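The next block holds one structure in the form of structure tokens; read it before the comments.
Being a predicted model, the structure only gives us computed values, none of them experimental. Atom set for the values below is all heavy atoms of this structure, side chains included, hydrogens, waters and symmetry mates excluded. In what follows, residues are counted from 1 in the order of the sequence shown.
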Amino acid sequence: EDWIRAALPAYGLERSKVFMFRTLGDAVARVETPDGPYSLRVNLPGSAERQQEIHGFLTLANAAGLYVPTPLPDLEGRTISPMSEGRTAVLASWVTGVQASSQMSPALATEIGRVTARLHALHSTPEPWHGPVLNAAWLRGWWRDMAPEHLTLADVGRCLPAIEHSAIWLETHAREFQVIHADLHFGNLLALPGGEAGILDFGECALAHPAFDLAMTEGEFMDFGDAPALIAAYRDAYSAATGQSYPLWARELMTACTATSFLEWVYGSENDEVRIQKLKWIPALVERLSIQS
């Protein structure tokens, strides 16, 4: 909270009330002002290049008319405001809505498919890229170096055929990589008052195959009793918006990548409470990978 308050004067908001959302890693808060709420993030030291990448992707999404947070300038006109100790601050508009899971319906699933297709239509491939690259080297590397520290050797062995199959596919389709959101779960998808969908938290955006986003979002639909209908609506909308057949095979292969990303996040989390809560999902995840193998 001290870092959040230290960032407020750069925007002339030092008298504003703040409500903290995250205190581990980047600090994130809601800032209340007479003009409405804003989101304020204070980033960890040494992440200025990464913030430029995230800002660039958000700028493209805004220009395409997507409902995403809009970075706002500080008093000196900078959308990434420097702070002491190598930290940076980013103030953004507040996207008003509710988590998609609370209002899920075929109509909202259709909207999410359409919005995801519009996001992928940006075709952003900046060079150089400093953020995550979810490629074959990353996939094989995690299972070689990190999986044995957290999973039994038997479980690792059961999953490796699916991992290797997906890695080979990623190598073959590396030319199709672009910047994607890479964290499109229902906590980052909002149902807006007008029936449209908004997208939050681009902090995990990565260079990867677009089907990674599809696999992650489809996994969220599985929590609903009418999952088949929701997934069908989502796929149909994505296909209609892209003008191409839904990449079902690519999406199926990407489940190995989304599972690996989840494992990487859980075991790398600095928040003990979050890690303990998420560990319960890992046996089912390993089972799915072993079946896919």
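Take Ala100 and apply the side chain to side chain contact (heavy atoms under 4.5 Å, CB included) test, not counting sequence neighbours, and it matches Met104, Leu108, Ile112, Phe186, Leu189. Residues satisfying the ring pair (Phe, Tyr, Trp, His ring centres under 6.0 Å) test with Phe57, not counting sequence neighbours, are Phe202. Partners of Tyr234 according to the ring pair (Phe, Tyr, Trp, His ring centres under 6.0 Å) rule, which considers only residues two or more places apart in sequence or in another chain, are Phe221. Under the rule for a side-chain hydrogen bond (donor to acceptor under 3.5 Å, both in side chains), Gln52 has no partner lying at least two apart in sequence or in another chain. Evaluation of the side-chain hydrogen bond (donor to acceptor under 3.5 Å, both in side chains) rule for Arg158 yields Asp155, Glu287, Ser290 as partners, not counting sequence neighbours. Checked against side chain to side chain contact (heavy atoms under 4.5 Å, CB included), Ala237 has the following partners two or more places apart in sequence or in another chain: Thr110. Partners of His185 by ring pair (Phe, Tyr, Trp, His ring centres under 6.0 Å), not counting sequence neighbours: none found. Listed by chain and number, the residues in a ring pair (Phe, Tyr, Trp, His ring centres under 6.0 Å) with Trp281 amount to none (sequence neighbours excluded). In this structure, Asp2 has no side chain to side chain contact (heavy atoms under 4.5 Å, CB included) partners at least two apart in sequence or on a different chain.
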Can you give each donor-acceptor pair under 3.5 Å made by side-chain atoms of residues 63-91, sequence neighbours left out, with the distance rounded to 0.1 Å?
{"residue": "Tyr67", "atom": "OH", "partner": "Glu196", "partner atom": "OE1", "Å": "3.1"}
{"residue": "Thr70", "atom": "OG1", "partner": "Asn62", "partner atom": "OD1", "Å": "2.8"}
{"residue": "Asp74", "atom": "OD1", "partner": "Glu76", "partner atom": "N", "Å": "2.9"}
{"residue": "Asp74", "atom": "OD1", "partner": "Gly77", "partner atom": "N", "Å": "3.0"}
{"residue": "Asp74", "atom": "OD1", "partner": "Arg78", "partner atom": "N", "Å": "2.9"}
{"residue": "Asp74", "atom": "OD2", "partner": "Arg78", "partner atom": "NE", "Å": "3.0"}
{"residue": "Asp74", "atom": "OD2", "partner": "Arg78", "partner atom": "NH2", "Å": "3.2"}
{"residue": "Asp74", "atom": "OD2", "partner": "Ser81", "partner atom": "OG", "Å": "2.9"}
{"residue": "Thr79", "atom": "OG1", "partner": "His55", "partner atom": "NE2", "Å": "3.1"}
{"residue": "Thr88", "atom": "OG1", "partner": "Asn43", "partner atom": "ND2", "Å": "2.9"}

Quiz: residues 225-232 side-chain donor-acceptor pairs under 3.5 angstrom, not counting sequence neighbours:
none

Under 3.5 Å, side-chain donor or acceptor atoms of residues 122-129 against the rest of the protein: list the pairs with distances, not counting sequence neighbours.
{"residue": "His123", "atom": "ND1", "partner": "Gln178", "partner atom": "OE1", "Å": "3.2"}
{"residue": "Trp129", "atom": "NE1", "partner": "Gly131", "partner atom": "O", "Å": "3.2"}
{"residue": "Trp129", "atom": "NE1", "partner": "Pro132", "partner atom": "O", "Å": "2.9"}

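Leu207 is not listed as a side-chain neighbour of Asn135, based on a closest heavy-atom distance of 4.5 Å or more. Between Lys278 and Phe262 there is a side-chain heavy-atom pair separated by less than 4.5 Å. Side chains of Val42 and Asp26 form no contact here, defined as non-hydrogen atoms less than 4.5 Å apart. For the pair His120 and Leu214, the minimum side-chain heavy-atom distance is below 4.5 Å. Residues Ser101 and Phe224 form a side-chain contact, since some pair of their non-hydrogen atoms from C-beta on lies under 4.5 Å apart. Using a 4.5 Å heavy-atom cutoff, the side chains of Ile163 and Trp142 are not in contact. Contact check for Leu192 versus Thr96: no side-chain heavy atoms found under the 4.5 Å cut-off. The closest side-chain heavy-atom distance from Arg50 to Cys205 is below 4.5 Å.
Note that the OG atom of Ser16 and the CZ atom of Arg5 stand 9.5 Å from one another [nearest 0.5 Å]. To the nearest 0.5 Å, the span separating CD1 on Ile180 from CG on Leu119 amounts to 9.0 Å. Put simply, CG on Asp35 and OG on Ser93 are 13.0 Å apart, with the number rounded to the nearest 0.5 Å. For the atom pair CZ of Arg30 and CH2 of Trp94, the computed distance is 5.0 Å after rounding to the nearest 0.5 Å. In this structure, the separation between CG on Leu170 and CZ on Arg140 is 8.5 Å, given to the nearest 0.5 Å.
By the criterion of side-chain heavy atoms lying less than 4.5 angstrom apart, applied directly or through intervening Ile, Leu, Val, Met, Phe, Trp or Tyr residues, Met216 is grouped together with Leu285 in one hydrophobic cluster. Cluster annotation: Leu134 is connected to Met146 through the hydrophobic network of ILVMFWY side chains, with a link wherever side-chain heavy atoms come within less than 4.5 Å. A chain of hydrophobic side-chain contacts below 4.5 Å, direct or via other Ile, Leu, Val, Met, Phe, Trp or Tyr residues, connects Trp265 to Trp143. Criterion: ILVMFWY side-chain heavy atoms under 4.5 Å apart, direct or through other members. Under it, Leu190 and Ile199 are not part of a common hydrophobic cluster. Note: the hydrophobic cluster containing Val286 also contains Leu279 (ILVMFWY, side chain heavy atoms under 4.5 Å, direct or indirect links).
Thr255 places a side-chain N or O within donor-acceptor distance of the main-chain N or O of Glu252, the cut-off being under 3.5 Å. Between the side chain of Asn188 and the backbone N or O of Asp183, at least one donor-acceptor pair lies under 3.5 Å. With hydrogens and angles disregarded, a donor-acceptor distance shorter than 3.5 Å links the side chain of Ser102 to the backbone of Gln99. In this structure, His181 contributes its side chain and Asp201 its backbone to a donor-acceptor pair below 3.5 Å. At least one donor-acceptor pair closer than 3.5 Å links the side chain of Thr172 to the backbone N or O of Ile168. Under a 3.5 Å cut-off, the side chain of Ser239 and the backbone N or O of Asp236 do not form any donor-acceptor pair. One N or O on the side chain of Thr260 and one on the backbone of Ala256 form a donor-acceptor pair closer than 3.5 Å. Side-chain atoms of Ser269 never come within 3.5 Å of backbone atoms of Val266 as a donor-acceptor pair (strictly under, hydrogens ignored). Between the side chain of Glu53 and the main chain of His130, a donor-acceptor pair closer than 3.5 Å is present.
Across all non-hydrogen atoms, the minimal contact from Met254 to His209 is SD-CB, 4.4 Å. Looking at every heavy atom in both residues, Leu139 comes nearest to Ala167 through CD2-N, 3.8 Å. In terms of heavy atoms, Ala197 sits closest to Val115 at O-CG2, 3.9 Å. The shortest heavy-atom contact between Leu200 and Gly187 is CD1-O, 4.4 Å. For the pair Gly113 and Tyr238, the tightest heavy-atom approach, listed with the atom from each and the gap, is O-CD1, 3.6 Å. Taking both residues in full, the closest heavy atoms of Cys257 and Trp138 are given as O-CH2, 3.3 Å, listed atom of the first, atom of the second, then distance.
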**Request:** Apply the test side chain to side chain contact (heavy atoms under 4.5 Å, CB included) to residues Leu40 and Tyr11: give CA-CA distance (whole Å), side-chain angles for both, the deciding distance (0.1 Å), then the verdict.
**Result:** CA-CA 10 Å; Leu40 178 61; Tyr11 301 95; 4.0 Å; yes

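The number of heavy atoms from other shown groups lying within 6.0 Å of CD (Glu176) is above 12. Crowding of Leu153 atom CG: a count of heavy atoms from other residues, nucleotides or ligands under 6.0 Å not exceeding 12.
Salt bridge absent: Arg15 and Glu32 never bring a charged side-chain N and a carboxylate O closer than 4.0 Å. A salt bridge does not link Asp213 with Arg251: every distance from a Lys NZ or Arg NE/NH1/NH2 to an Asp or Glu carboxylate oxygen is 4.0 Å or more.
Annotation: Trp169 is not in aromatic contact with His165 [ring centroid separation under 6.0 Å not met].
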